[in-house]
Amino acid sequence: MRYSVIADAYEKIEATIKRLEMTDLLVDLLKNTPKEIIDKVVYLTQGRIYPDFVSLEIGVAEKLAIKALAKASGCKETEIEEDLPKTGDIGESSQKFMTSKKQVTLMPQKALTVERVYETLDKMAKASGSGAVDLKTALLAGLLADATPKEAKYIMRTVTGNLRLGIADMTVLDALAIAYGGGKETREFIERAYNISSDLGRVAKTVVEKGLSGIKKFQVLVGEPIRPMLAERLSSPEEILEKLGGKCIAEYKYDGERIQIHKRNNEVTLFSRRLEDISSQYPDAIELVKNHVKARDAILEAECVAIDTETGEMRPFQELMHRRRKYEIRKAIEEYPVSLFMFDALYFDGKDLTLEPYPIRHHALKKAISESDRMKTAKYIITSDPKELENFFQEAIEDGCEGLVCKSMAEDSVYQAGARGWLWIKYKRDYKSEMTDTVDLVVVGAFHGRGKRTGTYGALLLAAYNQDKDVFETVTKCGTGFTDEDLARLPKMLQKYKIGHKHSRVQSIIEANVWFEPAIVIEILGAEITLSPIHVCAVDVIRKGSGLAIRFPRFTGNYRLDKAAEDATTANEILEMYQKQLKRIS
Ligand code: ATP
């Protein structure tokens, strides 16, 4: 196929902003494309040569482009550099310089084909190592030398990542439906294929070669990310249960990064919510998959959460951001290791599960993994009782989660790839109370440390002072912010207050390993104050059965030795902080 056919089509597409017209032009182009290269033409119209999830780029920087253009056109690099700010587009400049060259030399000997352009771009993308820049320059100059000025414009825009024809994925799907599916109404089948593969090229090839019946049998493939299913939102357990037919599987909504795990034999790839390959950010998660996924081949979904190594508690989402920086990954793996909370199975040993109802996928998920401390299925209950759902929600918040995802168990509860629908409903708090101020809390108990903290305390149980009742009410458990010196100092400091049972003035539902007489006060900064079923600070005031708790507490390093236990922040003050800072979450 001549590349000029593509260049002509691009020119017309560029000239329109009407989606219908654009679709018609695309339909013409696809109909004129030989079957064998339909996938390549589809990628090219998107300004790419592979599907989006393949991270390989053609990667031509401006400098390299100028060099290649100079070589092909016989102009000086400085001339091109001077022209570029005027056109603002390397494509325009290429067309201009190649036109002036063509006026003094003979026309190109052989017409450029799409196959040759594609192959050359492919070689450029794969070029690596020390000779890569020279090789890419030579390959690009070779293409330009045989291109017409118009072709040169589009080749240059493609290799520099500036094609931008404005053809949305959905327009390609429309065009495929019209050209090869038998009409626009067949779009839904083609779209589903796209949603479970994210690969427009494979979808195009299937519909062209196998028609509509082929596309209806389209299956997921390990290695091709499935577009994620998303949740709608409601704000009461009653509404949620009603919408889900009276009964649901309610799961913790963990606050981490969504990860789609693809495993074939011992090869593992991790994709982000935006379908990028993020395997290199999570070598520890890959190890977990290798050790705990029993299935030979699988596509599973999980929320990846940073864990506090000392207390085993979940850390806020932000702490995963260290993984974004290449040079910090090694450190992040040590300081913020991750746990995987598994919540769906889309493929399991040869079987595409995307059209199976959730109870079957959930069952497959449990079969696919061997649970460990660091890899578990998301905590869940099956319920039809709004009260039970509400309690489970409170428990999720207390455990450091964002809330719940309530999932349909009905016959039709398939995996709706790429869609936000009512089969999943998230239940999050409408209000959030952010802490800006520190609080001074009394140490009333402690928990033995594990790992590096064996022999000292892993976390302290802290309480606020209730003036009216003259008691100390637990409000949080804190294991973060302590230096090695603090850890060595604490047992000594607390030794003389150690008692064999909970102190009579301490109110606590939680059972500590060690109890103390309320005496030592330390300064704490938390992320927010939440309602809690397990802490008893200001219990029953806001809601019956709930106290207040401080989430994500961190020791600031200040021992308030100047304060007696009764000088600690009071339960009333915490209640006021909760009410004052209450902010509607958008
Ligand atoms: P949000 O900001 O609420 O996370 P979102 O648009 O990213 O919104 P939603 O569809 O609203 O996504 O919520 C689903 C998200 O919740 C998933 O993308 C996933 O990352 C996360 N999640 C955590 N736990 C679960 C779970 N058990 N099941 C499904 N999703 C979960």
Side-chain angles (χ1 to χ4, degrees), residues 195 198 225-235 237 239-240 243-244 248-261 270-276 278 281-282 285 299-307 314-321 323 338-346 353-354 356-366 368-369 371 374-383 389 392-393 395-409 413-432 527-528 583-586:
N195 283 335
S198 314
I226 297 166
R227 298 183 9 112
M229 173 166 180
L230 298 170
E232 283 288 354
R233 179 174 179 158
L234 284 174
S235 49
E239 282 174 296
I240 292 173
K243 195 89 187 170
L244 294 175
C248 71
I249 299 188
E251 295 176 358
Y252 270 20
K253 184 177 196 302
Y254 296 91
D255 187 12
E257 176 160 18
R258 184 175 188 154
I259 287 192
Q260 200 175 92
I261 300 163
L270 307 178
F271 291 104
S272 71
R273 184 180 189 279
R274 299 173 56 195
L275 316 181
E276 292 149 339
I278 48 167
Q281 291 174 28
Y282 292 103
I299 303 177
L300 309 173
E301 282 202 301
E303 193 80 357
C304 178
V305 183
I307 298 292
M314 290 188 271
R315 300 296 306 153
F317 165 73
Q318 288 80 345
E319 289 184 6
L320 287 176
M321 291 304 108
R323 305 269 177 155
V338 292
S339 281
L340 294 176
F341 295 97
M342 315 295 295
F343 64 78
D344 219 318
L346 309 177
L353 299 173
T354 53
E356 298 291 344
Y358 187 54
I360 290 187
R361 303 203 306 279
H362 196 244
H363 179 72
L365 177 65
K366 287 198 278 187
I369 63 173
E371 295 219 348
R374 307 258 316 268
M375 184 193 272
K376 297 188 172 118
T377 37
K379 192 165 175 187
Y380 72 97
I381 56 167
I382 295 177
T383 185
L389 195 57
F392 192 54
F393 169 71
E395 196 185 316
I397 300 288
E398 173 61 27
D399 279 347
C401 290
E402 279 187 309
L404 301 176
V405 184
C406 304
K407 302 181 175 176
S408 166
M409 301 173 67
S413 58
V414 298
Y415 189 87
Q416 291 178 319
R420 192 181 289 281
W422 291 102
L423 293 176
W424 284 9
I425 302 175
K426 59 184 161 180
Y427 182 28
K428 302 208 297 193
R429 286 163 302 151
D430 285 335
Y431 294 94
K432 175 166 167 175
E528 56 171 310
K583 254 191 348 201
R584 180 136 200 127
I585 304 173
S586 57

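Order of appearance sets the numbers: ligands from 1, and atoms from 1 within every ligand.
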Worksheet item: In the protein, what heavy atom is nearest to atom 28 (N) of ligand 1, and what distance, to one decimal place, separates them?
Response: Lys407 NZ, 2.8 Å
Item to complete: Identify the protein heavy atom lying closest to atom 17 (C) of ligand 1, giving its residue, its atom name and the separation to 0.1 Å.
Response: Arg258 NH1, 3.3 Å
Discussion item. Show the nearest heavy-atom pair for residues Phe343 and Ala302, with the distance to one decimal.
Written reply: CE2-C, 3.5 Å
Worksheet item: Considering the options Tyr427, Phe341, Phe392, Phe393, which one meets the ring-ring contact (aromatic ring centres under 6.0 Å, His included) requirement together with Tyr252?
Response: Phe392
Item to complete: Decide whether the shortest distance between a heavy atom of Met229 and an atom of ligand 1 is less than 4.0 Å.
Response: no
Worksheet item: Can you tell which part of Arg273 has a heavy atom less than 4.0 Å from ligand 1: side chain, backbone, both or neither?
Response: side chain
Discussion item. Any side-chain to backbone donor/acceptor pair from Arg374 onto Ala285? Under 3.5 Å, distance only.
Written reply: no
Response to the item:
Which of Glu303, Glu301, Glu276 passes salt bridge (charged side-chain N to carboxylate O under 4.0 Å, His left out) with Arg258? Answer is Glu301
Worksheet entry | atom 19 (C) of ligand 1: nearest protein contact (heavy atom, Å) | Glu303 OE1, 3.1 Å
Worksheet item: Which part of Lys253 is near ligand 1, with near meaning a heavy atom under 4.0 Å away: side chain, backbone, both or neither?
Response: both
Worksheet item: N/O of Arg420 under 3.5 Å from N/O of ligand 1, yes or no?
Response: yes
Worksheet item: For atom 24 (N) of ligand 1, what's the nearest protein heavy atom and its distance?
Response: Tyr254 N, 3.2 Å
Practice prompt. Report the distance from atom CD1 of Ile425 to atom CG of Leu234, rounding to the nearest 0.5 Å.
Written response: 5.0 Å
Item to complete: Answer yes or no for Phe341: is there a heavy-atom contact with ligand 1 below 4.0 Å?
Response: no
Item to complete: Would you check if the side chain of Glu371 reaches a backbone N or O of Thr377 as a donor-acceptor pair within less than 3.5 Å?
Response: yes
Worksheet item: Purely on distance, is any nitrogen or oxygen of Val405 under 3.5 Å from one on ligand 1?
Response: no
Discussion item. Tell me the protein heavy atom at minimum distance from atom 10 (O) of ligand 1, and give that distance in Å.
Written reply: Ala231 N, 2.7 Å
Response to the item:
Here the gap from Lys428 atom NZ to Glu402 atom CD, rounded to the nearest 0.5 Å, amounts to 4.5 Å
Worksheet item: Going by an N to O cut-off under 4.0 Å, is there a salt bridge joining Arg420 and Glu232?
Response: no
Worksheet entry | Ile278 versus Phe271, closest heavy-atom pair with distance | CG1-C, 4.0 Å
Practice prompt. For Lys428 and ligand 1, answer yes if some heavy atom of the residue is under 4.0 Å from a ligand atom, otherwise no.
Written response: yes
Discussion item. With heavy-atom distances below 4.0 Å as the criterion, list the atoms of ligand 1 near Lys426.
Written reply: 1 (P), 3 (O), 8 (O), 9 (P), 11 (O)
Discussion item. Within the structure provided, determine whether Lys407 and Tyr380 are in side-chain contact (heavy-atom separation under 4.5 Å).
Written reply: no
Worksheet item: Which of the atoms of ligand 1 are close to Tyr252, meaning less than 4.0 Å from one of its heavy atoms?
Response: 24 (N), 25 (C), 26 (C), 27 (N)
Response to the item:
Taking only non-hydrogen atoms of Glu251 and a 4.0 Å limit, the atoms of ligand 1 in range are 26 (C), 27 (N), 28 (N)
Item to complete: For Leu230, take its heavy atoms, then give the atoms of ligand 1 lying under 4.0 Å from any of them.
Response: 10 (O), 12 (O)
